Visitor: 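This is the structure I want to talk about, given as structure tokens.
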Amino acid sequence: MADIAVVMGSKSDLPSLKGAFEIFKKFGVEFEARVISAHRTPDEAATFAKEAEEKGIKVIICAAGMAAHLAGVIAAHTTLPVVGIPMASEPFKAFDALLAMVQMPPGIPVATVTAGSAGGKNSALLAISILALSDKVLAQKLKDFRKEQSDAVRKADASIMEEISKL
Ligand code: RP5
């Protein structure tokens with residue numbers, strides 16, 4: 001049973017989500033991925049959101065670009081936490097999608113992360129931190145992950161002068 005659902009507005013959004021799926025695999029979190037469009041398949045968007053909680057999903061991540069209504073529409077039909085990732089498109093890059101996601105009217109929140117692949121990775125970590133509130137094993141894995149990151153920076157710090165001397 002999936003704890004986390006990742007919904008993308010188009011299959012063209014998939015490359016930006018690679019980091020999210022890598023994080024889920026690293027943490028051993030069950031997820032499901034769907035392609036559902038707020039505009040092209042609006043009935044599926046509403047049905048998915050209405051049924052998600054009963055299916056056992058705890059967090060929904062939505063990736064969409066352009067007039068990015070997907071996360072807001074999903075959030076309108078469920079009280080589960082919804083995380084939005086703005087996707088880049090022409091001509092405004094991800095700025096249009098960012099505003100569409102972050103500017104939700106009060107009462108229907110969407111936790112919006114940054115655009116693109118960094119947003120994909122952070123959406124996964126944010127969703128896992130929500131699950132970790134009631135899962136001690138996941139909470140420890142998050143702490144271990146942070147330590148791994150810190151150790152990598154310390155390692156880079158220890159060798160940076162030597163690297164520069166070789167330039
Ligand atoms: C949005 O429009 C999708 O999320 C995608 O980011 C963007 C373009 O979709 P495609 O034309 O590539 O299907 O709905």
Side-chain angles (χ1 to χ4, degrees), residues 1-133 135 138 141-142 145-146 149:
M1 193 177 64
D3 287 320
I4 296 174
V6 180
V7 186
M8 60 202 95
S10 167
K11 200 178 162 193
S12 66
D13 298 321
L14 183 58
S16 297
L17 297 172
K18 196 170 159 269
F21 300 129
E22 285 169 359
I23 290 285
F24 293 142
K25 287 176 188 166
K26 182 179 172 75
F27 280 80
V29 169
E30 297 289 331
F31 67 92
E32 69 169 47
R34 300 283 306 274
V35 180
I36 302 174
S37 167
H39 306 111
R40 293 165 175 159
T41 55
D43 292 343
E44 282 87 338
T47 302
F48 167 81
K50 286 176 190 169
E51 293 176 350
E53 189 172 356
E54 205 162 302
K55 278 168 42 187
I57 290 167
K58 298 187 179 75
V59 185
I60 302 173
I61 294 173
C62 295
M66 307 189 83
H69 297 131
L70 180 63
V73 166
I74 296 281
H77 289 291
T78 181
T79 51
L80 291 173
V82 175
V83 181
I85 319 166
M87 296 285 113
S89 64
E90 291 303 322
F92 303 116
K93 310 301 177 196
F95 196 51
D96 43 10
L98 170 67
L99 292 182
M101 283 185 175
V102 82
Q103 279 287 62
M104 285 297 291
I108 309 291
V110 169
T112 306
V113 296
T114 195
S117 54
K121 188 171 177 180
N122 271 354
S123 73
L125 289 167
L126 180 56
I128 288 169
S129 69
I130 293 169
L131 297 184
L133 289 170
D135 184 329
L138 265 189
K141 284 184 183 176
L142 270 175
F145 175 81
R146 291 286 183 97
Q149 276 191 151

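Note that ligands are numbered from 1 as they come in the structure, with each ligand's atoms numbered from 1 the same way. Because the structure is a prediction, the values reported are computed rather than measured.
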Visitor: Which protein non-hydrogen atom lies closest to atom 11 (O) of ligand 1, naming both residue and atom, and how far is it?
Guide: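 That would be Arg40 NH2, 3.2 Å.
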Visitor: Which heavy atom of Met101 sits nearest to which heavy atom of Ala71, and what is that distance?
Guide: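 Closest approach of Met101 to Ala71, heavy atoms only: CE-CB, 4.3 Å.
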Visitor: Applying ring pair (Phe, Tyr, Trp, His ring centres under 6.0 Å), can you list everything that pairs with Phe145, at least two apart in sequence or on another chain?
Guide: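 For Phe145 the ring pair (Phe, Tyr, Trp, His ring centres under 6.0 Å) partners, ignoring immediate neighbours, are Phe27.
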Visitor: Quick test: of every protein heavy atom, which one is nearest to atom 2 (O) of ligand 1, and how far off is it to 0.1 Å?
Guide: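 Nearest neighbour among protein heavy atoms for atom 2 (O) of ligand 1, to 0.1 Å: Gly65 O, 3.8 Å.
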Visitor: Among all protein heavy atoms, pick the one closest to atom 12 (O) of ligand 1 and tell me residue, atom and distance.
Guide: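 Going by distance alone, atom 12 (O) of ligand 1 is nearest to Ser12 OG, 2.7 Å.
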Visitor: Determine all donor-acceptor pairs shorter than 3.5 Å in which one atom belongs to a side chain in residues 72-94; sequence neighbours excluded.
Guide:
from	atom 1	to	atom 2	distance (Å)
Thr78	OG1	Leu80	N	3.1
Glu90	OE2	Lys93	NZ	2.9

Visitor: Looking only at heavy atoms, is any part of Lys11 under 4.0 Å from ligand 1, and if so is it the side chain, the backbone, or both, or is it neither?
Guide: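 No part of Lys11 comes within reach of ligand 1.
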Visitor: Mind checking the CG-CD spacing from Leu131 to Glu30? Nearest 0.5 Å is all I need.
Guide: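 The CD atom of Glu30 is 11.5 Å from CG of Leu131, to the nearest 0.5 Å.
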Visitor: Just to confirm my output: which protein heavy-atom neighbour is closest to atom 6 (O) of ligand 1, and how far is it?
Guide: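 For atom 6 (O) of ligand 1, the nearest protein heavy atom comes out as Asp13 OD1, 2.6 Å.
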Visitor: Is the backbone N or O of Leu126 less than 3.5 Å from a side-chain atom of Ser129, with the two atoms forming a donor-acceptor pair by type?
Guide: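 Such a contact is found between Ser129 side chain and Leu126 backbone.
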Visitor: For Ser37 and ligand 1, does the shortest N/O to N/O distance drop below 3.5 Å?
Guide: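 No; the residue has no nitrogen or oxygen that sits under 3.5 Å from a nitrogen or oxygen of the ligand.
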Visitor: Please write down residue, atom name and distance for the protein heavy atom closest to atom 8 (C) of ligand 1.
Guide: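 Ranking protein heavy atoms by distance from atom 8 (C) of ligand 1, first comes Met66 SD, 4.1 Å.
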Visitor: Is the backbone N or O of Gly9 less than 3.5 Å from a side-chain atom of Asp13, with the two atoms forming a donor-acceptor pair by type?
Guide: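 It does hold such a pair.
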Visitor: I'd like to check which ligand 1 atoms, numbered from 1 as shown, lie under 4.0 Å from a non-hydrogen atom of Ala64.
Guide: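 Reading through ligand 1 atom by atom, the close ones are 4 (O).
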